[in-house]
Structures are given as structure tokens and as C-alpha cells.
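One structure is given here, and the rest of the page talks about it.
Just so we're clear, the structure is a prediction, and the values are computed from it rather than from any experiment. Protein chains get the first letters and strands the later ones, always in sequence-line order, with residue 1 at the start of each.
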Amino acid sequence: MLEPKLNPKMKKRLEWINKNDELMKSWLVDYIQQHDWKPPFNSKEETELDYIKQFLNDARYCAETAQTREECRNMKSAWNRWEKRYNNRKSKTVVEGNYTISMVARKELERLAKQQTCSFSKVLDTLLRNAKEMEFLQKKLEKHLQEENDGLRMDTAFLATFFDTDFPHQQAQIMTQDLRKEMETDKKQYQEELRELKKELKEKQTKIAELTAIIED
DNA sequence: CGCAGGGAACAAGTTTGTCC
DNA sequence: GGACAAACTTGTTCCCTGCG
């Protein structure tokens, strides 16, 4: 039987382990057990610190092979991922998710990230914030069109101010054309409906006035 | 140049939600 | 209530970038 040889590289490789970090300790205990690197942790007989100290001590005698190198790298990487996700979960401002999107959307995401030299996350975040903004503008636009008796005055320039690239601008043009047609067809109908609504509104107002009078009496 | 670190992809397992 | 899909969790791997 060969005497186990001390491997100084292992010590260096595991220096990132902070024995004072409670979170890291309990994570490590799970990780070590999960990989069957040590017998199961028994909280009645040992502390997490004992367990980890023992593990580190044993690890110093690991043979210097590609596998141990790999395992050490993976362990550190797993911890970094876990910690990052843990912090994300705690965060009030960011949240990590996992979604399935179409290839078309994915290609576009890739293109935008490259164009802006930023991460996918940043692109998605910005896009969705913009979408919120768009929703607000859309509502404003609808209101604008409703108030304006002559909705036809809306033109591409009006919509184009919300966009800054060619493709959306073209879409805006098509959208405006469609809207124009639709409005021309439906204008009379809307006017009729508007008259009806105004009538109804007047009736309700009268009713409210009556009720208010009764309550005040 | 080698290496560490970070972002993302990918894989596999688990939990949660929805529908009948 | 169970079948199935969607969403979430965790770990691993790949790839790129920046630093010494």
C-alpha cells in the first residue's frame, strides 16, 4: 500500500473556501455529501466546521489528476453560481428567470446584444421597460385620437417619434395606413356610437343629480 | 500567453399551476 | 386527483474578456 502523498496544489486550489462563512459552510456540506466524497454529515457528532476541516485535510492528499482538478474547478464554479443566484433571490431589484422563446426572438436578442455590446439580460430588461413605456404612449395616443374629432390627422410622423429604427418605422407606416382605412370605414359608426354614449352619459348625470338631491334631503 | 471570472448554454431534476 | 406543461433550481460546461 502506497503512503498517500501530500499534494500542495490542492491546498492552493481550495483556498477560496472561507471557513467563517456560514452560508458557504452549509452549502459545502451538502455538496460534499452529494458527491459522496465523505460519509454523510452527522450533526449529532460533528459540526459543519469539523466536517469541512476534515474534508479539506483529506483533499490535501488527493492525487494530482485531471479529474481532481476538474472537480475542484466545478466545485468553485458551482459555489459561485449558487451564491450569485442566492444574492439575486435576495435582491429587491433583480430576479433570475428561465424562459423559452422563439428562434426569431432569440436571433433578434443576439443581434441587439451585439449591437449594444451588452448582455442578453440587459437587452431584455431594456426592451420590457420600453414596452411599458409604449403601453403608456399607446393609451395616450388612443386618448388623443378620441379627443380629436378628426382622428385622420394622425400621421406616420406622429407615430415615428416613438421609434428610432427603420423597421419599426415601416411597421408604423403600415399600421397607420391600416388605421386610416379602418377609421374611414368606421367613422360614421363611431360617430353614431359616440352620440349614443353622450346620450347615455347625460341620462346618467341626470340620474346622479336626482340621487344626490335625495341623499341631501 | 495562461488563467480567473463572468455570462450564457445546456442538462437534469423538482416544484407549481392548470385543466379535465 | 392526476396528467401534463410551464417554471424554477442547481450544477456543469463552454466561451469570451481582461488582467498580470
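Comparing atom distances between the A:W27 side chain and each of B:dG5, C:dT12, C:dG11 picks out C:dG11 as nearest. With C:dT13, B:dG5, C:dG11 as the candidates, the nucleotide lying closest to the side chain of A:K76 is B:dG5.
Of the side-chain N and O atoms in A:N74, one or more sit less than 4.0 angstrom from OP1 or OP2 of C:dT13. Taking only side-chain nitrogens and oxygens, A:W79 never comes nearer than 4.0 Å to OP1 or OP2 of B:dG5.
Regarding A:E15, its CD atom lies at a distance of 17 Å from the C1' atom of B:dG5, rounded to whole Å. Going from atom CZ of A:R81 over to atom P of B:dG5 covers 14 Å, rounded to whole Å. Look at CG on A:L28: it is 11 Å from P on C:dG11, rounded to the nearest Å. Residue A:L23 contributes atom CG, which lies 11 Å from atom P of C:dT10 at whole-angstrom precision. Rounded to an integer number of Å, the gap from A:L124 CG to B:dG7 C1' is 13 Å. At whole-Å resolution of the value, CH2 in A:W82 and C1' in C:dT12 are 17 Å apart. Spacing between atom CG of A:D30 and atom P of C:dT9 amounts to 16 Å, rounded to whole angstrom units.
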message = Using ring-ring contact (aromatic ring centres under 6.0 Å, His included), reason through A:W37 and A:Y31 one step at a time and then give a plain yes or no.
response = CA-CA 9 Å; A:W37 288 339; A:Y31 192 89; 5.7 Å; yes
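A:K122 comes within 4.0 angstrom of no nucleic acid atom, judged by non-hydrogen atoms across all strands. Residue A:W16 is classed as having no contact, given no heavy-atom separation below 4.0 Å to the nucleic acid.
Side-chain contact between A:D50 and A:F55 is absent, with no heavy atoms from C-beta onward closer than 4.5 Å.
Annotation for A:Y51 and A:P39: closest pair OH-O, 2.7 Å, computed over non-hydrogen atoms.
The pair A:E22-A:K25 counts as a salt bridge, with a side-chain nitrogen and a carboxylate oxygen less than 4.0 angstrom apart.
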